[in-house]
> 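Below you'll find the structure I mean.
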Number of protein chains: 2
Amino acid sequence: MKMFSAETYKQRREGLKKQLSSGIVLFMGNEEVGMNFKDNVYHFRQDSSFLYYFGIDVPGLVGIMDLDEGTEIIFGNELSIDDIVWTGPLPTIAELAANAGVSQTRPTTHIEEILKTAKAQQRTIHFLPPYRSVNKQKIQAWLEIHPEQQAQEASVELIKAVVAQREIKSEEELQEIDKAVNITSEMHLTAMKGAKPGLIESQLTGLVHGKAISGGGDLSFPIILTVNGQVLHNHYHGNTLKEGQMVLCDCGAEAPSHYAGDMTRTFPVGKQFTERQRELYQIVIDAHEAAVAALKPGVRFKDIHLLACKTLAEGLKGVGLMKGDVEEAVNQGAHTLFFQCGLGHMMGLDVHDMEDLGEQYVGYDESLKKSTEFGLKSLRLGKALQKGFVVTVEPGIYMIPELIDMWKSEGKYADFVNYDKVETYKDFGGIRVEEDFVITGNGADLLGTPVAKSVSEVEAVRASSF
Amino acid sequence: MKMFSAETYKQRREGLKKQLSSGIVLFMGNEEVGMNFKDNVYHFRQDSSFLYYFGIDVPGLVGIMDLDEGTEIIFGNELSIDDIVWTGPLPTIAELAANAGVSQTRPTTHIEEILKTAKAQQRTIHFLPPYRSVNKQKIQAWLEIHPEQQAQEASVELIKAVVAQREIKSEEELQEIDKAVNITSEMHLTAMKGAKPGLIESQLTGLVHGKAISGGGDLSFPIILTVNGQVLHNHYHGNTLKEGQMVLCDCGAEAPSHYAGDMTRTFPVGKQFTERQRELYQIVIDAHEAAVAALKPGVRFKDIHLLACKTLAEGLKGVGLMKGDVEEAVNQGAHTLFFQCGLGHMMGLDVHDMEDLGEQYVGYDESLKKSTEFGLKSLRLGKALQKGFVVTVEPGIYMIPELIDMWKSEGKYADFVNYDKVETYKDFGGIRVEEDFVITGNGADLLGTPVAKSVSEVEAVRASSF
Ligand SMILES: [Mn+2]
Ligand SMILES: [Mn+2]
């Protein structure tokens, strides 16, 4: 548990209040979740907005801010002596609340009456869309809103206000993100050095996972470490690494403060890339570099995504996998046969920062709505960048046999795709290269310790690992 | 995902049906749980009873057995081509069900009507006590039972029948448990070899955690690795290891089949135990050995617990921490100042096997009810052992300053405790030694590869690690 100063949390709450008119703001902390029985719990993860405004990293809390009366209260139950035998002495809820600059605490049972009274008085009760089942049940009990209605009944005014604050990272937040990315860098170096033919993916994954835990925090998301990089959300770790294959490792650490890192590297199982691996890897690097060079305040991330897509399409045309007019190919979406997803996303306390507040508020705005087209519909961030945004840049090339078969049989994008050549790449796998950046006044800075990325850098690490 | 043969699951279900009279048996599979947003999920853990009877290790399933009609159905939703872009091709629910010997599958939406019809016909619907919030919500929607009522409304007939099957481990289950304990042994050797003064607990924990992941499964419970072994449920990993301290490491792996291992070792941060550490460590080993020697079918585990307590009390008297008549001290519970918990528990698909089915059914029976006394109330297993039970043996000595202060001020057990001497041990910490055993025809066999345990074995590993 790592907290900023009480002043930091007070300022954040004051900043929030200034954006809101009236009513009660309700922040639901998270509870423990039993894995296979109640008391065998997953590692506790506090809700990120609760962390942002209160910083208290213990389960079972609820925070409210009364906008009209100006009060702030943390609801939670203190430990008994019986608990202390099992847990040792821990700070009280009152002490934890004081660390966050909140002077009032009450037992959990008190919240129901406060909210029911407020509801009876027809006061607005602002809450964020809940994602944990148990919090949905509580909101149902307290506010009489059915779980399936709660996302719609969540406060758009509150969501927009929270996004406006959380999307701009402060200097002290950036330091925490940098720590997370530094541990993430170590995880990637561990994978890149540890791979060898004959190892099972899970054996390598264990080394990588261990680095995150050794960093004092945890994973920021489940590790993807696979020889089948074309499967975008692949958490199977049962394959044996073979010479000639590539490992795609997408993983990140969460610092003890719960800020996230998120990087991807793709490297050969052997000492070197094969010729066609090297060609496509270089195309991904070119797209990555084009995108990074374009990062700056005022530029729409959607345009940077499309720039990366064009660079990918040009490269794919260069090796004969695509053909025709590159600009037109990207306009029509032909490149999405190879790059089915988005260039990147916001990152902060969540690896996909604030994803559950709604992409229409986090990644888009009044002037830019999210597209529903294949490819663009998976772009989580489209709106104009601002100083203090933290974003990932993660172009890739993925040869998905099922998609190739389907589109080929439909004759889809036949003017832009050389299906005969693509057929010979159906066993290719996937490549992604991902790094994290903070938007500065006139560009962007890489976060964390750089990890081998160019063909020659990656091959040098691999050669030294045998 | 590792399954046994379809025949195994069929036999288990037939065995269950034979114990039950009529109605519908409902098995709730688990769902994914979002950590900090919906799509950033914890590692998936299937419900253990669902695994036991159906073996299918994917989220969102429900299984039913109609005892009167003899039908078995798995409810779940098949993937779309859109999903396959992200997940790659996966076996269908129908294929997975067939692997478990179940021929009928239906979309998830169909279950509500089936259960509502059965309810309208006043048929019995047997279900186990749910522990996941989302499953409580489903049962509420399907059976109109409030979440807080569900534990009471769960089927005792079903619970008893499930316990009767799951508590006796088959040969193929024992092989899986052995795999889990073997990985667990590696985790402990890693901790014992990796410790050194100056390391933060989390750094060592990462190495241990990584071993579990490298084993192809996961942790069977959150790692306890601490210099404050007296805190029984201690998941804080922020202390720096110092010469003169001991590390208590209680951890276990879950094999890919989800069977658990659970071991504890306590070892010095330096090369050797101090004199008083060695003395108390030997007392714990003596209690451990006395207990293990007593394991056999027909003996109540409660009696073995009390035997271990007596051995502990004798040892503690030997070093002057306790006094008076040992038998009487244990009868009165004076030893619980040092050993506040139980000697062990059942282990299988759950590390505390079937804990959520209720200790009154798993660890006790008609002839032996659980005690409510301090100490004994934390003994999860009391009933007579049977061939095929898998149990842990984990005596310990814990110096809990808050408990010592409280009982001393109350004059509690003043005839049996030398509080003056105990005062000088308040900074001692805690010691636990835990291993896993299967009850055989006439005794018990240790599961997994043995790990250094005696004072000299532990000190030899430590000396070779510097
Ligand atoms: Mn990413
Ligand atoms: Mn145990």
Side-chain angles (χ1 to χ4, degrees), chain A residues 30 33-43 45-48 81 84-89 131-134 136-137 147 200 202-216 221-222 228 230-234 237-238 256 258 340 349-352 354-356 400 402-403 406, chain B residues 30 33-43 45-48 81 84-89 131-134 136-137 147 200 202-216 221-222 228 230-234 237-238 256 258 340 349-352 354-356 400 402-403 406:
Chain A
N30 279 338
V33 180
M35 293 188 281
N36 46 339
F37 53 94
K38 179 173 169 287
D39 286 342
N40 196 30
V41 294
Y42 286 111
H43 70 270
R45 182 50 161 83
Q46 183 58 291
D47 174 71
S48 296
I81 176 72
I84 288 171
V85 169
W86 301 93
T87 63
Y131 51 91
R132 290 269 187 101
S133 215
V134 69
K136 291 180 190 174
Q137 268 179 283
I200 303 169
S202 58
Q203 293 178 304
L204 194 55
T205 304
L207 301 180
V208 173
H209 193 141
K211 281 281 170 194
I213 305 297
S214 290
F221 60 95
N228 290 315
Q230 79 284 2
V231 179
L232 296 169
H233 289 173
N234 191 343
H237 297 142
H258 298 293
Q340 300 82 5
L349 279 165
D350 304 309
V351 58
H352 292 168
M354 302 176 276
E355 179 165 298
D356 267 24
I400 304 176
E402 296 77 16
L403 194 67
M406 191 169 73
Chain B
N30 280 337
V33 180
M35 293 188 279
N36 45 341
F37 53 92
K38 177 172 170 287
D39 286 342
N40 196 31
V41 293
Y42 286 111
H43 69 270
R45 180 53 160 81
Q46 183 58 289
D47 174 72
S48 297
I81 175 72
I84 288 171
V85 168
W86 301 94
T87 63
Y131 51 92
R132 289 270 187 100
S133 215
V134 68
K136 291 181 190 174
Q137 268 179 283
I200 303 169
S202 59
Q203 293 178 303
L204 193 54
T205 304
L207 300 180
V208 173
H209 193 142
K211 280 282 168 193
I213 305 296
S214 290
F221 60 95
N228 291 315
Q230 79 283 3
V231 180
L232 295 170
H233 288 172
N234 191 344
H237 297 142
H258 298 293
Q340 301 82 7
L349 279 165
D350 305 309
V351 58
H352 293 168
M354 303 176 277
E355 179 165 298
D356 267 25
I400 303 176
E402 297 76 16
L403 194 67
M406 193 169 71

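As a basis for the values below, the full set of heavy atoms in this structure was taken, side chains included, without hydrogen atoms, waters or symmetry mates. A, B, ... follow the sequence lines: proteins, then strands. Residue 1 opens every chain. Note that this is a predicted model, so its numbers are computed, not measured.
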> Between A:I200 and chain B, with a heavy-atom cut-off of 4.5 Å, which part of the residue counts as in contact: side chain, backbone, both or neither?
neither
> Quick one: list whatever passes side chain to side chain contact (heavy atoms under 4.5 Å, CB included) with B:Q137, sequence neighbours left out.
A:S133, A:Q137, A:P147
> Calculate, to the nearest 0.5 Å, the distance between atoms NE2 and CE belonging to B:H258 and A:M35 respectively.
11.5 Å
> With chain B, which of A:L232, A:V41, A:T87 has the greatest number of heavy-atom pairs at distances under 4.5 Å?
A:L232
> Going by the rule side chain to side chain contact (heavy atoms under 4.5 Å, CB included), which residues pair with B:D47 if we only count those two or more places apart in sequence or in a different chain?
B:N30, B:S49, B:F50, B:Y131
> Taking A:Q46, A:H352, A:K136 one by one, which has the highest count of heavy-atom pairs under 4.5 Å against chain B?
A:H352
> Take A:V351 and B:F37 through the side chain to side chain contact (heavy atoms under 4.5 Å, CB included) test and state the conclusion after the steps.
CA-CA 10 Å; A:V351 58; B:F37 53 92; 3.9 Å; yes
> Find the distance between NE2 (A:H209) and CD1 (B:I213) and round it off to the nearest 0.5 Å.
4.5 Å
> Taking every heavy-atom pair that is under 4.5 Å apart, which of B:G215, B:G34, B:S214 has the most such pairs with chain A?
B:S214
> Relative to the ring of A:Y42, is the ring of B:H43 parallel (under 30°), tilted (30 to 60°) or perpendicular (over 60°)?
perpendicular
> Distance from B:L207 atom CG to A:L207 atom CG, nearest 0.5 Å?
9.5 Å
> Which heavy atom in B:R45 sits nearest to a heavy atom in A:N36, and how many Å separate them?
NH2-ND2, 3.2 Å
> Please check if the number of heavy atoms outside A:K211 that lie under 6.0 Å from its NZ is greater than 12.
no
> Using 0.5 Å steps for rounding, measure from the CZ atom of B:F221 to the CG atom of A:D39.
13.5 Å
> Where does B:N40 contact chain A at under 4.5 Å (heavy atoms): side chain, backbone, both or neither?
side chain
> Counting only non-hydrogen atoms closer than 4.5 Å, does A:V134 touch chain B with its backbone (N, CA, C, O), its side chain (CB onward), both, or neither?
both
